[in-house]
Each structure stands twice: as structure tokens, then as C-alpha cells.
Amino acid sequence: MTDPHPSPAPVPSARQGGIAARARAAAGPAYLQGLNPEQQRAVETLDGPVLVLAGAGTGKTRVLTTRLAHILTLGLARPGQILAVTFTNKAAREMKERIGGLIGESVEGMPWLGTFHSICVKILRRHAELVGLKRDFTILDVDDQIRLLKQVIQAADLDEKRWPARQLANFIDGWKNKALTPDKVPSGDAHAFAGKGDELYATYQARLKTLNAVDFGDLLLETIRLFKENADVLADFQSRFRYMLVDEYQDTNVAQYLWLRLLAQRTGEDEKANLCCVGDDDQSIYGWRGAEVDNILRFEADFPGAVVIRLERNYRSTSNILDAASHLIAHNEGRLGKTLHGQGEAGDKVTVTCAWDSEEEARLIGEEIEQLQRKGENLDEMAILVRASFQMREFEDRFVTLGLPYRVIGGPRFYERAEIRDAIAYLRATAQPADDLAFERIINTPRRGIGDVTVRTIHDVARSRGIPMMQAALELTESEDLKARARNAVRNLVTDFARWRGQLDQMPQSELAAIILEESGYTEMWQRERSPDAPGRLENLKELLRSMEEFDSLTGFLEHISLVMDTEAGDQEDKVSLMTLHAAKGLEFGTVFLPGWEEGLFPHQRSMDENGRAGLEEERRLAYVGLTRAKRRAALYFATNRRIHGLWQATAASRFLDELPEANIEVIDTGSLRTSGAYGPRGSGSGGTYGNSRFDEAEPFASTYSTPGWQRAKKNKARAASNPWKEAPMLEGEVLARSTGTASAYARGERVFHQKFGYGEITAVDGNKLTVDFDHSGPKRVLDSFVERH
DNA sequence: CGGAGCGGGATTTTT
DNA sequence: TCCCGCTCCG
């Protein structure tokens with residue numbers, strides 16, 4: 001370890017040093033006990049910018065919470081003067097609890113500890129008028145966003161099939177992640193989406209404003225705008241936040257980075273902001289949703305004089321696991337460099353097991369789990385981490401057969417279920433009569449005879465008069481524009497809403513909600529439904545009502561659910577966990593099973609196709625995250641055959657397996673004589689960077705050459721040559737896509753040819769990524785290295 | 001208003 | 001292959 005700052009480090013400021021020293025001299029506060037020197041330094045280096053590079057399992061959360069407790073205990077800031085940002089509500093919740101545990105009841109909640117988004121909401125509610133919003137603006141969820149975009153696309157006379165709202169939503173999210181307002185969208189990008197990308201984006205933003213609504217991305221962007229346009233407001237927050245803390249810094253996107261930088265910039269003052277960012281560049285796995293690893297890599301340049309502290313002592317895993325993970329991640333280029341050191345024993349080696357197909361893979365893992373269980377190990381301490389969710393099914397099937405209790409982590413969340421969204425739409429339309437999207441969602445749910453034509457009429461009247469749909473509906477009932485039947489239905493609904501609104505302050509919100517769901521016929525709708533999931537949905541609705549009781553107002557509840565989309569389902573039973581690698585970040589288990597280590601699946605082909613080397617490196621980080629979740633045992637698996645899009649395909653062992661250090665792995669002979677060799681050399685045969693896999697040769701299982709398994713493997717090898725995953729120009733992509741971000745040699749309007757998609761015309765250029773409208777398969781994003789001019 | 005029949009797509013996902 | 005969302009028809 002070559003730490004340039006030996007510890008204990010002198011704390012830069014005399015004021016702080018003095019206090020900290022005194023604190024230490026008095027045997028130090030209890031919370032500092034038991035921290036290692038680096039951790040202690042991370043806790044006590046309070047002045048100026050600090051970057052804490054916290055490797056997996058190095059006690060990051062502990063450092064974070066202790067640091068906050070330290071600041072509060074020393075009396076350097078009051079709780080309201082500390083900004084602490086996390087990415088998820090879960091992380092924020094945990095941090096709150098742990099700080100409470102550290103410093104006891106003396107300090108009540110920290111108002112500025114939360115997610116980027118929740119903090120932005122808090123700021124925006126105070127200053128809404130300054131960015132053209134009303135104080136009670138609504139926050140749209142993804143559903144609303146898509147429906148609104150659909151309307152925008154329809155209004156622009158585009159074919160919804162060819163130009164799906166989802167795709168536009170992705171573009172817009174991408175721009176917002178980069179803090180690009182419609183006028184700032186680069187011209188290459190702007191012409192994406194039927195050449196109307198920026199135009200549609202602008203229309204969408206205008207619609208949001210008239211709806212007095214924002215989407216998630218706007219929360220950041222509008223706050224940035226607020227800061228930029230109102231120096232006094234910004235200055236107020238800058239001086240308020242004496243200490244700033246950001247967790248998972250490697251996951252920040254450009255907008256979040258700009259937001260932070262605005263707050264951390266203290267114009268006119270000599271003093272540097274006390275900004276502490278904590279993260280791990282090796283665990284950056286969210287590039288695809290806008291995270292910029294660059295933010296963490298650039299930290300020292302962004303914040304001159306920054307102190308960088310590395311936490312490399314891992315308290316979680318045995319050293320075989322750590323060495324395997326470290327060796328693997330060392331294959332990445334763009335990293336700050338960090339090596340985890342184990343603190344205990346070597347433990348078991350990481351195992352690599354080959355299965356014939358995904359079914360056998362599931363069976364082997366099932367057997368292994370049962371065996372561990374017989375040895376007295378808890379199922380809670382075991383997890384299966386998959387790359388893609390389709391892999392889960394095989395395991396679920398297997399576990400059901402075995403009667404093995406399991407839980408799936410992730411997946412559709414409580415508040416994303418249709419019945420919950422419907423119920424919430426009723427509440428929103430009651431509390432906020434101008435919430436058109438909510439009103440529209442349930443206007444004919446349950447069916448009450450308000451058909452498309454009627455909805456369109458209400459919509460048009462609302463748009464042309466600039467009034468909310470609820471009001472337009474009311475006015476239409478007094479006109480002759482609707483057929484008698486529809487008019488009655490509309491009148492009934494509007495009267496219902498008016499009545500419910502009148503009851504808002506008369507009773508607890510959960511009671512009112514129950515009345516609304518009853519009187520609207522919504523509950524009845526599900527009671528009548530005979531489908532198998534209907535009872536579950538009714539149960540969910542009850543759960544929703546129950547959870548509402550904890551809030552003191554309907555508005556408070558609505559605010560909460562628009563930002564917090566998860567519910568802590570306290571599941572106490574002993575179960576195996578099944579989740580994606582992404583969902584596993586931050587968790588740990590005694591034993592971790594990692595199936596599906598095959599080329600094309602992991603690393604995922606699409607990731608490499610779309611992002612070249614950067615994509616591959618992110619996949620490798622994902623592998624690193626997976627391995628480092630294991631405390632005592634990590635078991636890797638790959639199958640030689642897997643069904644992809646319905647077709648059985650021969651597959652090759654993942655290159656990541658070859659990147660593991662031999663000394664720390666053990667290849668398991670499953671006894672079915674199907675050892676290695678089943679997978680031919682990878683790549684398109686161009687003999688590129690990646691030589692043959694050591695899993696290609698019978699070493700170290702030379703004894704299996706003449707076995708049926710080997711014979712079958714040979715056949716398999718021949719078949720593998722026709723594997724479309726392998727035919728993909730992976731090696732080419734690897735080389736040519738090395739530098740993302742360089743300008744492309746192609747221009748909009750050019751005709752190109754793509755091996756897979758055929759001929760097409762370039763509609764947008766973003767660095768080396770092209771959006772090509774293919775003659776036969778429609779618009780796609782491809783790397784420029786995969787096409788040729790025509 | 002519901003069901004059949006179709007075409008397209010098929011990583012990862014928080015707020 | 002399988003799942004979804006949408007359309008069309010009765």
C-alpha cells in the first residue's frame with residue numbers, strides 16, 4: 001500500500017486539529033474506537049475536499065456515519081447544516097438509523113440527509129415560483145411520463161410504432177442526465193428520433209410546465225437552474241451547508257455533479273468547501289443510466305487540494321475471494337487503482353463449475369445449497385446473483401421442485417403495481433384537481449362509460465382553454481357537446497371528486513382513501529375480477545391504506561410515494577436470495593453462487609456492442625461486485641448450452657474466467673465427465689487480443705480426453721462456430737470502440753451498411769455512436785465501427 | 001368490453 | 001420460444 005499520507009495525519013485546520021486532538025487525548029469518543037488508521041483519517045479529515053475510495057467491504061458505511069457523528073459531536077455544525085446525499089432511499093434510511101445509534105437521541109433527524117431527488121424537492125418546494133412552478137407541483141412517475149410523451153408524439157403526427165414513447169423517454173432521460181435542456185441538445189443528438197428529438201423534448205417540457213409537473217430528471221435540472229439564476233438563493237444554501245457528504249460518488253451523473261459543484265463553489269470566500277465524496281470506481285455499474293465514472297476519476301482535478309484516502313482493508317471476504325476479485329478487476333484500464341487486502345484466512349478457493357446447460361446449472365446449485373443447508377448453514381447466508389433476470393426462472397423452477405424457500409430481490413416494486421398506481425391516481429386527482437395525468441388514468445377505470453371519444457373531447461377543451469381536465473369535464477356536463485349517457489357518467493365522476501375533496505380535512509386520509517376506492521367502484525372492480533391475481537391486488541390495496549396511516553396528511557403521503565418507490569417488506573424467514581448482480585451491490589452473503597459466466601451473457605454482448613471497451617469494463621466491474629459480495633465462498637458456473645430467444649445455442653466460457661488467478665480458483669469436476677474443453681476459442685477467429693481460453697484445453701483435466709464428455713464437447717465445439725454471439729464483431733468492437741467520445745467520421749444523412757441490420761441512413765451522430773434508420777429494421781443505435789459507407 | 005390474434009422484442013433500473 | 005402490448009372483432 002503506497003499511501004502518500006501516512007496516518008495519523010495532521011488535520012489541516014488548527015481549529016479542527018485542536019478539537020480532534022483534544023477528543024483523542026481524552027481517550028477519544030467511543031465511536032472512534034475500533035476504526036483502522038485509514039478509516040480514522042477519513043472520519044477526521046473534515047476540512048476541504050476529501051475523496052474516500054472505499055473498496056468493497058472496507059467499512060464504508062461505518063466511516064460515513066462516524067464522520068457525521070464526529071462533526072455533530074464536536075459541535076462543528078448543527079444537523080441542519082450538513083448536507084448528506086445518497087442515491088437510494090434505503091441508503092438514506094440506513095444512514096439515519098446508524099447515526100441515531102451512534103450519537104443517541106440528543107440529535108433529532110437531519111433535514112438534509114436524503115437522496116439527490118428528495119433534497120431537490122425540498123429546495124424546489126421553497127422556491128418553486130422562481131423556476132415557474134407552483135409550490136404544489138406534482139412529480140411524475142415513469143408511467144405518467146410515457147403517457148405524456150405518447151401524447152406529444154401523437155400531436156407531432158409521428159407513427160407511434162416506429163417511434164415509441166419509451167425510446168423518446170430514454171433520449172430525454174439521457175439528455176437530462178447530462179444536464180442538457182432542449183436548447184442545449186447537441187445537433188447530432190437533436191436529430192435523433194425522426195429528426196425531431198429536441199423539438200419533442202421542448203414540447204414535452206412545455207407540457208410539463210402547464211401541468212405544473214416535473215419528472216425525476218427535472219428535479220435536478222430545475223434546482224440547477226434555480227441556483228444559476230438566483231445567486232442569493234445559491235449563496236444561502238452554500239453558506240448553510242458547512243459540511244457536505246456524498247455517498248456512491250461513482251454513480252453520480254453530470255447533472256448531479258454540476259449540482260454539487262454549484263453548492264461546493266464558494267465565490268468570494270477563500271475557504272474551500274468541506275466536501276467529502278465516498279465511492280469506489282471499481283463498483284461503477286450504472287453507466288447505462290447516466291452515471292459518469294469520470295466524476296470520481298476527475299475528483300482531484302475538480303477540487304484542487306483534495307485529500308484522497310484509500311480504504312483497502314477488507315473485513316468481509318477470505319483472501320482467495322479477494323485475490324480473485326482484485327486480479328480480475330486489474331484488467332480494467334481506467335481506474336484509480338486500489339487493491340483489497342484480506343484481514344483473515346485464505347479460506348476456500350473460488351470454484352468454477354461447468355454445466356451442460358442452464359438446467360443442469362440450476363440443479364447443481366440447488367444440490368450445493370441443500371448440502372450446505374444440511375451442514376447447518378442458513379439459507380439467508382446464500383445468494384444467487386445473475387446477470388439478467390431471465391436467468392432467474394430456471395432457478396425458481398428448480399427451487400419450487402425442491403421445496404427450497406427463496407426470495408427474489410428487486411423485481412416490480414409495490415408502488416409500481418397497476419392497482420397501487422390507480423389508487424394513487426384517485427388520491428392525486430382528489431388532492432390536486434389540476435393533475436390531468438392522474439385524472440386521465442382513472443377516468444374510465446373502472447369502466448364507467450367514458451370512452452375514448454369523450455376523453456378526447458375533455459382533453460381538447462382543456463387544452464384549448466388552458467384549464468385542467470377536471471374543470472373541462474365539469475363544464476362539458478353543462479353543455480350539449482357530450483351524448484347524454486357520457487355526460488351523465490362524467491357528471492357523476494366529477495361530482496364524486498368534488499365530494500371527496502370536501503372531505504379532505506374531515507377524516508384521516510386512510511379513511512378517506514377507503515371511501516374513495518369504495519365509492520368509485522374501484523375495489524368492486526377487482527372483487528368481480530376472477531383472475532388468479534385479483535385477491536393479491538385487493539390485499540395490496542389494503543396494504544396501501546395501512547401504510548397511509550403513518551402520514552399526517554394526504555399531501556405528505558403523496559409526496560412520500562412519488563419519491564420513495566420501495567417498501568421494506570420485512571421477511572424474517574430463512575430463504576435463499578435470488579437477484580441480479582446490480583441488485584446485489586452493497587449486500588453480502590456467506591456463500592455466493594454466480595451462474596451464467598458465458599461470453600455473450602456475461603459479459604453481455606449488448607453491452608460490448610453498444611459501448612465497446614467501456615461496456616466490457618463495466619461488465620468486468622459487475623463481475624467484481626459479484627465476487628466481492630461473498631464472505632466465505634464464491635462459486636462460479638458456466639453452461640455450455642443455453643437457450644437464447646428460444647433457440648439452443650452452444651456457448652463459450654466467459655473471458656472473465658480466464659482472467660482469474662489460477663492460484664485462487666479450483667475447477668470442479670462435476671463427476672458427469674463433462675469437464676472442460678466444451679467451448680472453442682472465442683471471437684471471430686481473427687486471433688485477436690483474447691487467446692484461447694485455458695478452459696479450452698483439457699489441462700488440468702487431462703484425464704478426460706477419451707470420455708464421452710470430451711467427445712460430446714468436440715462436437716459441441718464445432719457447433720459453437722455457428723453461435724451468433726460469437727459471430728458478433730466483438731474483437732473488432734473491442735479494438736475500434738476503444739475511445740468512446742471521439743467524434744465520428746460519419747455524418748447525418750449518409751447511407752451505411754451494417755452486417756446485421758443491412759442498409760440504412762444515419763439520422764444522428766453522438767461521438768462514435770450512430771443512430772441509423774435501417775431500411776428493414778428501423779432506427780437503431782450502433783457503433784460507427786460496425787458500419788461501412790455505402 | 002373482453003378475448004383472440006398479431007407483431008416485435010428479448011440486459012441491467014433508481015429516483 | 002415466450003411474453004408483452006396493441007388491434008380488431010364479435
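Reminder, nothing fancy here: chain letters follow the sequence lines and each chain counts from 1.
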Rounded off to whole Å, could you give me the CE-to-P distance for the M579(A) and dT14(B) pair? 13 Å
Would you please classify the geometry between the F227(A) ring and the F237(A) ring as parallel, tilted or perpendicular, with 30° and 60° separating the classes? tilted
Distance below 4.0 Å between N89(A) side-chain N/O and dT15(B) OP1 or OP2: yes
To the nearest angstrom, the OH-P distance between Y624(A) and dT12(B) comes to 24 Å
Applying a 4.0 Å non-hydrogen cut-off, can you work out what Q256(A) is touching in the nucleic acid: base, sugar-phosphate, or nothing? nothing
Between T580(A) and dT13(B), is there a side-chain N or O to OP1/OP2 distance below 4.0 Å? yes
Which nucleotide in the list dT15(B), dT12(B), dT11(B) gets nearest to the side chain of S389(A)? dT12(B)
Output the rounded distance in Å from OH (Y415(A)) to C1' (dT13(B)). 19 Å
Could you state the CG-P distance from N170(A) to dG9(B), rounded to the nearest angstrom? 14 Å
From Y286(A) atom OH to L622(A) atom CG, the distance as rounded to the nearest 0.5 Å: 8.5 Å
In the 5'-to-3' direction, what one-character label does each nucleotide of nucleotides 1-10 of chain C receive under the scheme B = base within less than 4.0 Å of a protein heavy atom, S = sugar-phosphate only, - = no such atom? B-S--S----
Report yes if the side chains of L636(A) and F656(A) come closer than 4.5 Å at any heavy-atom pair, otherwise no. no
Is any side-chain N or O of R387(A) under 3.5 Å from a base N or O of dT12(B), one able to act as donor and the other as acceptor? yes
Taking dT15(B), dT13(B), dT12(B) as options, the one with an atom nearest any side-chain atom of V142(A) is dT15(B)
Length of the CE-C1' vector between M392(A) and dT13(B), whole Å: 12 Å
Round to a whole Å and report the spacing from CZ of R621(A) to P of dT12(B). 18 Å
Y415(A) side chain reached by S547(A) side chain, heavy atoms, under 4.5 Å: yes
Do T86(A) and E94(A) touch side chain to side chain, with heavy atoms closer than 4.5 Å? no
In this structure, how many angstroms lie between the P atom of dG8(B) and the CZ atom of R162(A), rounded? 11 Å
To the nearest angstrom, how far is K90(A) atom NZ from dT15(B) atom P? 10 Å
Looking at dT11(B) and H604(A): do their rings stack (centroid distance under 5.5 Å, interplanar angle under 30°)? yes
Under the 5.5 Å and 30° test, is Y286(A) stacked on the base of dT12(B)? no
Would you say the side chain of Y201(A) lies within less than 4.5 Å of the side chain of L168(A), judging by non-hydrogen atoms? no
Between dT12(B) and dC3(C), how far is it from one P atom to the other, in whole Å? 15 Å
Most 5' of F87(A) and N444(A) on DNA chain B, judged by nearest nucleotide: N444(A)
Would you mind reporting whether I285(A) and Q283(A) have side-chain heavy atoms less than 4.5 Å apart? no
Please classify the nucleic acid contact of S607(A) as base, sugar-phosphate, or nothing, using heavy-atom distances under 4.0 Å. base
Side-chain H-bond candidate by donor/acceptor type, D218(A) with Q205(A), under 3.5 Å: yes
